[in-house]
There are 2 protein chains.
Amino acid sequence: MTSLDSALHATGRTATGETDPDRRAGIYRNAARIFHRKGYHATSINDIAAAVGLTKAGLYYYIKGKQDLLFAIMSFAMDQLDAQVIEPARREQDPQARLETIVSRHARLITQDSSALTILVNELEGLLPDDRADIIGRQRDYVEFIADTLAALRDEGKVLGLDPTIGAFSLVGMVLWISRWYRADGRLDADEVVAEVTRMAVSAVLTHNEGSPTGKENRE
Amino acid sequence: MTSLDSALHATGRTATGETDPDRRAGIYRNAARIFHRKGYHATSINDIAAAVGLTKAGLYYYIKGKQDLLFAIMSFAMDQLDAQVIEPARREQDPQARLETIVSRHARLITQDSSALTILVNELEGLLPDDRADIIGRQRDYVEFIADTLAALRDEGKVLGLDPTIGAFSLVGMVLWISRWYRADGRLDADEVVAEVTRMAVSAVLTHNEGSPTGKENRE
DNA sequence: GCCAGTCTACCGACCGCCCGGTAGGTTGGC
DNA sequence: GCCAACCTACCGGGCGGTCGGTAGACTGGC
């Protein structure tokens, strides 16, 4: 049950009592889609209301405000990243396997639905300071998690002389950029893109004058 | 076109000679800075006017409108990319040297001043359709140039099984992302970042069971 | 040496529009 | 009858952009 509605607990409830969770999920999903396409500031509350078949006032029955909507979407995306990328990766003991898990799972998420994940990185400026601090903190944790993984690879001798921070940022940039060029109806299919990007990411950081002795080398 | 900006190149000459080119350059520079920091839509004409010590009406003596301002900045960034990255790379005959030139020069530009180059990729939806088509076309040419370079490397046998398009996009993403995390006053200095990112980019695409036979290996 | 005319470089005031958000209903299913 | 689920109507404000004006520097004619 992956719905944007799960992010609702972050902003609390609206007016009174129980509201239809499906309806609310649809609102968040549509808002994410439109924010993604036009950008947060260029999107009006009316745009979102129209997309879900409501008037502006009707929409406000479900949401607290535009900025809360944005924060809820970004929190949801961050939750997605935690659950689908970070946690699975954390369960991998081997650093290289962990790195591959991070990149391939993150890339996979983006090919599936990039809206919320892209908003997460592009619309930080639209948040209130406290909310922004929250999201930026979680993003920083993610990058540090990757940097730690690269540091572990370095300690294993599989990486030579690479600054883990630069490495982590670079890999993140590579993966996030997918949302800019990947189209589900394009020439390349998602599996291929995920595999290729993962391969590039691993190649980019590994020391490359030996074969990989990991036993985790089942590609190519 | 008229506003395609003799103003931004302004170290001296103006095509028409009607207005002070220094003043105009300052306006574009400030606008780029603020667009970069707050985003195009979140920036008001008043913000820019205030930053250059003018009223809104005074500012309109120099500019045609907000969207023209954006287009001029993005055209300038694209010109910069052409002159500082693409042209120098085109003069390199060896594909690997060419790739290294592209990545390192692009990365270098971003560490020097990322405003215009970042706006170039983040604010496309703020443009009028014709302007957007213009910029997107030039950006596509850039990516194709990189893809062609990767294809040439593949023909040399230095790259195995990599899709040139995915490779090109991934490298671009890696480089562009620098503007998000690099700070001139941070722990890492520009030389280090440029060198490291270039090294990662090359590693990411090269087949990695041999040393580089290019004779172009003058790092580390 | 002076003044009329001209031009650049601005400003205060204003316009119409649309924005996020709200007050106060109305409706329909239980 | 109640309450979730909407609506119409409206508000203050900020937006991009325009208009009419003007201070002051710079000409050229006499």
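Convention: sequence-line order gives letters A, B, ...; per-chain numbering from 1.
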TODO: For residues B:Val85 and B:Thr101, determine if any side-chain heavy atom of one lies less than 4.5 Å from a side-chain heavy atom of the other.
DONE: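 B:Val85 vs B:Thr101: side chains apart.
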Task: Intermediate values then yes/no, side-chain hydrogen bond (donor to acceptor under 3.5 Å, both in side chains), A:Thr43 and A:Arg37 - done: CA-CA 9 Å; A:Thr43 301; A:Arg37 203 179 60 230; over 6 Å; no
Task: Six-ring centre of A:Tyr40, A:Lys66 cation under 6.0 angstrom, axis tolerance 45° - done: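 Because its charged atom sits under 6.0 Å from the ring centre and within 45° of the axis, A:Lys66 does stack over A:Tyr40.
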Open item on the list: Cation-pi check for B:Phe169 against A:Arg180: NZ or CZ below 6.0 Å from the six-membered ring centre and within 45 degrees of the axis, yes or no?
Closed with: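 Relative to the ring axis of B:Phe169, which defines the angle, A:Arg180 lies outside at least one limit.
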- [ ] For A:His41 and for B:Gly53, locate the closest nucleotide of DNA chain C by heavy-atom distance; then report the residue assigned to the nucleotide nearer the 5' terminus.
- [x]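 It is B:Gly53, whose closest nucleotide lies nearer the 5' terminus.
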Task: Residue whose nearest DNA chain C nucleotide is more 5′ - A:Tyr40 or B:Leu59 - done: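 This one resolves to B:Leu59.
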Task: N/O donor-acceptor pair, side chain B:Lys66 with base D:dG17, under 3.5 angstrom - done: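 No, the side chain and the base share no sub-3.5 Å donor-acceptor pair.
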TODO: Send over the distance from A:Ile63 CD1 to C:dG21 C1', rounded to a whole Å.
DONE: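 Atom-to-atom, A:Ile63 to C:dG21, this comes out as 10 Å.
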- [ ] Find the distance B:Lys56:NZ to C:dC11:C1' and express it as a whole number of Å.
- [x]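 Distance check: B:Lys56 NZ to C:dC11 C1' gives 13 Å.
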If you compare every side-chain N and O of [X] against the phosphate oxygens of [N] (OP1, OP2), does one of them come in below 4.0 Å?
{"X": "B:Arg23", "N": "C:dC10", "answer": "yes"}
{"X": "A:Tyr62", "N": "D:dA4", "answer": "no"}
{"X": "B:Tyr61", "N": "C:dC10", "answer": "no"}

Open item on the list: B:Asp189: which residues meet the salt bridge (charged side-chain N to carboxylate O under 4.0 Å, His left out) condition with it, sequence neighbours left out?
Closed with: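 For B:Asp189, no residue satisfies salt bridge (charged side-chain N to carboxylate O under 4.0 Å, His left out) once neighbours in sequence are set aside.
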- [ ] Answer yes when A:Arg29 and A:Asp113 have at least one side-chain N-carboxylate O distance shorter than 4.0 Å, and no when they do not.
- [x]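 No, A:Arg29 and A:Asp113 are not salt-bridged.
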Task: Residues B:Asp163, B:Arg154: salt bridge by 4.0 Å N-O rule - done: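 No.
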Open item on the list: Is it true that B:Ser179 and B:Thr118 share a donor-acceptor pair across their side chains at a distance under 3.5 Å?
Closed with: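 Yes, a side-chain donor-acceptor pair sits under 3.5 Å.
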Task: Intermediate values then yes/no, ring pair (Phe, Tyr, Trp, His ring centres under 6.0 Å), B:Phe35 and B:His41 - done: CA-CA 8 Å; B:Phe35 283 163; B:His41 288 287; 9.5 Å; no
All N/O contacts under 3.5 Å from nucleotides 27-30 of chain C to the protein, with atom names and distances to one decimal?
none

Task: Residues in contact with DNA chain C, drawn from residues 44-52 of chain A - heavy-atom cutoff 4.0 Å - done: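 Listed by number, they are A:Ser44, A:Ile45.
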